[in-house]
2 protein chains.
Amino acid sequence: MREREQEQSSANGPIYLRVRDQIADQIENGLLQPNSRLPSERVLAESNHTTRVTARLALAQLEAEGRIYRSNRRGWFVSPPRLVYNPTEDYSFSDNVVAQGRVPATETLDVTTIEANAWLAAKTGLAEGDPIVRLHRRRQIDGRSVLVENIYLNARRLPGIETFDFNRSLWKLMREHYGLELARKQIEMFPTALVDPQAEALGVNAGTAGLYVTRCSRDNEGCFVEFDEEFWLHDTLSIQVDVR
Amino acid sequence: MREREQEQSSANGPIYLRVRDQIADQIENGLLQPNSRLPSERVLAESNHTTRVTARLALAQLEAEGRIYRSNRRGWFVSPPRLVYNPTEDYSFSDNVVAQGRVPATETLDVTTIEANAWLAAKTGLAEGDPIVRLHRRRQIDGRSVLVENIYLNARRLPGIETFDFNRSLWKLMREHYGLELARKQIEMFPTALVDPQAEALGVNAGTAGLYVTRCSRDNEGCFVEFDEEFWLHDTLSIQVDVR
DNA sequence: AAGTGGTCTAGACCACCAC
DNA sequence: TGGTGGTCTAGACCACTTG
């Protein structure tokens with residue numbers, strides 16, 4: 001413990017920031033490749049002559065910056081590049097992921113027909129009690145679950161929608177089967193922590209940083225079609241939008 | 001310490017999640033108003049028969065959710081509502097804040113003329129070495145610093161821009177003085193932690209959650225006008241965009 | 001001067017995962 | 001079964017802010 005005094009390295013700040021910088025350098029230099037495992041917390045603590053609490057502070061910093069992520073109790077891993085995502089476009093998640101050289105996967109967790117509650121009525125413009133098909137999906141990139149979503153579909157506007165295969169692109173389904181081009185779209189998003197139903201579905205701890213994204217789509221006549229609510233892990237995406 | 005065993009409250013999970021829920025309830029019930037101070041960490045620890053480390057875990061959760069924020073070493077405070085922000089619009093920060101019933105402030109921290117480096121050249125389409133006016137500002141809502149930004153202006157397209165008062169709306173300046181309507185705009189944003197130059201400028205700890213937003217604007221001829229780089233505190237804004 | 005959060009120690013036990 | 005992160009204890013000293 002005593003030899004820390006003579007460690008006159010670059011930063012004279014807190015230990016955990018020095019540990020953070022050291023790991024960040026290793027990531028930037030390619031010593032640590034995307035998705036590779038970091039040394040365990042106990043090893044990091046020992047090799048820096050400090051304790052686990054301090055090592056975890058450094059790891060939490062890197063996690064907040066989106067440079068590393070944790071997987072269950074398996075360890076800490078280097079984050080791969082963010083997926084570039086344009087929420088204003090009708091697009092296929094799978095096509096987009098493939099176009100960026102990654103491997104997508106979609107799991108349909110649940111499909112139910114429900115009635116619009118007050119919250120949904122306010123978001124969609126439907127009346128309370130109107131029928132809605134609720135679709136719950138989880139999506140992965142390279143085997144890592146990166147988002148869960150709730151999709152609320154206007155059952156009257158899309159009759160029979162609940163009978164389709166929801167692991168393919170919804171957007172293609174709407175266009176090809178219903179001859180539908182989405183016109184108006186309202187998008188809202190903000191950073192927040194993922195809490196319990198979603199955190200558990202993604203296999204992360206409650207409190208993990210995320211991005212909450214909603215999209216409300218209408219047809220040419222302004223009729224509500226789809227309300228989409230997405231919970232992303234914060235280090236997995238970069239939003240990109242072109243205007244005009 | 002021993003009496004914790006009989007504390008058979010709602011959640012049987014970790015202590016810090018119970019403390020989190022208890023504080024979250026007080027915020028939702030209005031017992032804790034926006035911008036009011038929470039009890040100190042030591043008080044929270046004692047009143048929950050636990051230690052500061054655990055109390056801080058609970059506070060960190062609420063901070064990650066955007067429900068509370070910290071101010072220097074003064075304490076923890078309840079977050080006010082998020083500012084609704086549309087980065088695709090030419091708009092005045094001040095007008096927008098006022099329209100939402102809040103009090104805005106802008107501080108110009110620095111104005112310099114620089115030459116485009118490789119990074120700026122790639123972002124703007126200018127050549128390396130082209131002249132750019134760099135404007136560094138900090139903006140507040142109700143006295144809390146919520147973002148710092150770097151604005152890079154095309155000095156050739158906006159001659160004399162560096163002589164103006166930068167505490168007013170840049171967008172109005174461009175329209176009224178240069179007769180300029182911005183046409184194409186590329187926006188990119190992702191959640192990340194705020195690190196040192198920006199964290200310090202905002203008076204927060206390195207590692208505080210933030211949202212990084214960039215906007216690149218061009219005129220009708222596609223000529224680069226402005227590249228804006230914004231660092232927001234993550235709990236202070238909600239992005240909202242309407243398409244078509 | 002007193003109180004606050006910021007950092008840190010040196011341990012401990014637990015739940016879960018991989019071997 | 002051994003190693004991982006997840007949670008927790010019971011303290012400590014420091015830097016800074018506030019009255």
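The basis for the numbers below is simple: all heavy atoms, side chains too, and nothing from hydrogens, waters or symmetry mates. Within every chain, numbering begins at 1; the chains are lettered A, B, ... in the order of the sequence lines, protein sequences first and strands thereafter.
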* To do: Measure from CZ on Arg73(A) to C1' on dG6(D) and round the result to the nearest Å.
  => 5 Å
* To do: Tell me whether the OP1 or OP2 atom of dT4(D) has a side-chain N or O from Arg42(A) closer than 4.0 Å.
  => no
* Please state whether the phosphate of dT7(D), meaning OP1 or OP2, lies under 4.0 angstrom from any side-chain nitrogen or oxygen of Tyr16(B). => yes
* Atom-to-atom span, NE2 of His49(A) to C1' of dT7(C) - whole angstrom -> 19 Å
* Asked: Rounded to whole angstrom units, what separation is found between the CZ atom of Arg20(A) and the P atom of dC8(C)?
  -> 12 Å
* Asked: So does Thr54(B) get a side-chain nitrogen or oxygen closer than 4.0 Å to the phosphate oxygens (OP1/OP2) of dT7(D)?
  -> no
* Return the value, rounded to whole Å, for the distance between atom CG of Leu57(A) and atom P of dG5(D). => 15 Å
* Asked: What integer distance in Å separates Leu44(A):CG from dG5(D):P?
  -> 8 Å
* Any side-chain heavy atom of Phe231(A) sitting closer than 4.5 Å to one from Leu147(A)? -> no
* **Under 4.0 angstrom between Arg56(A) side-chain N/O and dG6(D) OP1 or OP2** => yes
* Assess whether atom CD of Glu46(A) is packed by more than 12 heavy atoms of other residues, nucleotides or ligands within 6.0 Å. => no
* **Out of dA12(C), dT17(D), dT4(D), whichever nucleotide has its closest atom nearest the side chain of Arg52(A)** => dA12(C)
* To do: Just call it for Arg70(B): base, sugar-phosphate, or nothing, with non-hydrogen atoms closer than 4.0 Å on any strand.
  => sugar-phosphate
* Does Ser40(B) have a side-chain nitrogen or oxygen under 4.0 Å from the phosphate oxygens OP1 or OP2 of dT4(C)? -> yes
* Asked: Any side-chain heavy atom of Ile23(B) sitting closer than 4.5 Å to one from Leu62(B)?
  -> yes
* Asked: Could you give the CG-to-C1' distance, from Asn205(B) to dC16(D), as a whole number of Å?
  -> 12 Å
* Pairing partner of dC19(C) (Watson-Crick or G-U wobble, both distances under 3.5 Å) -> none
* Asked: Does a nitrogen or oxygen in the side chain of Thr50(B) sit under 4.0 Å from OP1 or OP2 of dT9(D)?
  -> yes
* To do: Would you kindly give the CD-to-C1' distance between Glu46(A) and dT9(C), to the nearest whole Å?
  => 15 Å
* Asked: At under 4.0 Å, does any side-chain N or O of Asn72(B) touch on OP1 or OP2 of dT4(C)?
  -> no
* Evaluate the ring planes of Phe93(A) and Trp232(A), with Trp represented by its six-membered ring, and classify them as parallel (under 30°), tilted (30 to 60°) or perpendicular (over 60°). => tilted
* Would you mind telling me which of dG6(C), dT7(D), dT9(C) lies closest to the side-chain atoms of Trp76(B)? => dG6(C)
* Rounded to the nearest angstrom, tell me the gap between atom CZ in Arg74(B) and atom C1' in dG5(C). => 12 Å
* Asked: Any salt bridge between Glu229(B) and Lys123(B), counting N to O under 4.0 Å?
  -> no
